[in-house]
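Quick notes on the structure that follows.
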Amino acid sequence: MSEFPAADELLSIAVPIAREAAATARRMRAEAITDVSTKSTLTDVVTEADRAVERQVVEALRAARPADGVLGEEYGESSSGAVRWILDPIDGTVNYLYGIPAYAVSLAAEADGMVVAGVVINAATGDEWTATRGGGARRAGRRLRCSSRTDLSQVLLGTGFGYDAKRRAHQGAVVAQLITRVRDIRRIGAASLDLCSVGEGVLDAYFEKGLNPWDHAAGGLVATEAGAIVRGLDGAPPSLDMVVAAPPAIFGPLQDLLVELDAAGGA
Ligand code: LIP
């Protein structure tokens with residue numbers, strides 16, 4: 001039970017909507033990947049399924065809670081209300097395009113500027129993570145706990161790269177130095193799934209520069225409610241500048257290393 005009364009009710013609205021959205025993404029994939037266009041760069045792709053799933057979710061949210069606001073990756077902000085839904089219709093669109101089974105519907109509810117409920121569904125596998133603020137994080141009914149690792153050199157670290165080549169050059173240079181200081185690096189390709197993996201201890205920690213709210217809102221709550229710290233650098237909230245998710249024992253040393261390597265720098 002969440003300390004935010006509305007959170008459980010908001011989650012009970014979000015889960016069936018996200019499940020329908022995941023089903024649509026799965027059903028459409030075959031034809032959607034033939035209708036691909038690009039956004040910020042030639043590698044930043046969007047398919048007809050990203051758009052169709054977002055329209056479907058917004059319509060369902062409107063029907064369930066007409067007064068709420070919605071911020072979606074493809075159509076942006078539409079209307080505002082005490083509650084704002086934050087949606088990534090298909091997080092991991094490049095994976096979706098290539099058929100790599102790691103792409104997700106990510107839907108979070110924010111009340112008074114704070115994310116209070118979230119669901120992430122891997123549309124390829126059906127895996128589903130949920131969380132409410134103060135109510136914990138779960139997968140398949142099991143309460144989640146993040147990693148208990150304490151030694152940074154033993155950390156399995158997730159990260160990601162932007163769509164801009166200059167930014168990737170900087171991110172690649174950071175990873176080249178990081179890789180000798182941790183156990184190994186994983187690049188799953190969907191921030192929402194990376195963050196849920198931290199929540200489950202499947203990854204010990206994760207960081208990425210350049211994430212939008214829809215990439216980390218729901219997954220960030222799952223990781224937080226599983227005991228991880230999810231923040232930017234130097235006490236900042238998670239933002240475009242940086243998102244770091246790690247267990248309390250690891251967060252400090254990892255943050256110091258990311259600052260030392262100027263991970264938030266570059267383009
Ligand atoms: C993706 C993120 C991923 C990042 C990619 C991209 P998208 O979101 O989930 O972590 O590395 O560059 O931003 O574009 O698939 O919704």
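Whatever order the structure lists them in is the order used to number ligands and atoms, beginning at 1.
- Ligand-side atoms of ligand 1 in range of E208: 3 (C), 4 (C), 10 (O), 11 (O), range being under 4.0 angstrom from any heavy atom.
- Side-chain atoms of T41 and R168 include no donor-acceptor pair closer than 3.5 Å.
- Closest to atom 12 (O) of ligand 1, if we only count protein heavy atoms, is F161 O, 2.8 Å.
- No part of H216 comes within 4.0 Å of ligand 1, judged by heavy-atom distances.
- Annotation: side chain of T159 is in contact with side chain of F207 (closest heavy-atom distance under 4.5 Å).
- If you look at D44 next to ligand 1, there are no close heavy atoms at all, none under 4.0 Å.
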Please step through side chain to side chain contact (heavy atoms under 4.5 Å, CB included) for the pair Y163 and K39, ending with a clear verdict. CA-CA 10 Å; Y163 290 118; K39 300 190 288 186; over 6 Å; no
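- Under the 4.0 angstrom criterion for non-hydrogen atoms, V94 is not in contact with ligand 1.
- Considering only non-hydrogen atoms, atom 2 (C) of ligand 1 lies nearest to D91 out of V45, D91, D50.
- Using a 4.0 Å cut-off between a side-chain N of Lys or Arg and a carboxylate O of Asp or Glu, R62 and E59 do not qualify as a salt bridge.
- With W214, Y163, Y103 as candidates, the residue nearest to atom 6 (C) of ligand 1 on a non-hydrogen basis is Y163.
- With a heavy-atom cut-off of 4.0 Å, D215 touches ligand 1 through its side chain alone.
- Taking the charged nitrogens against the carboxylate oxygens, E20 and R27 have no contact shorter than 4.0 Å, which rules out a salt bridge.
- In this structure, a donor-acceptor pair under 3.5 Å is absent between the side chains of D194 and S197.
- No hydrogens or angles considered: a donor-acceptor pair under 3.5 Å links the side chains of D204 and S147.
- Which parts of ligand 1 touch I90 is read off a 4.0 Å heavy-atom cut-off, strictly below it: atoms 16 (O).
- Taking distance alone, with nitrogen or oxygen atoms compared against 3.5 Å, E73 approaches ligand 1 more closely than that limit.
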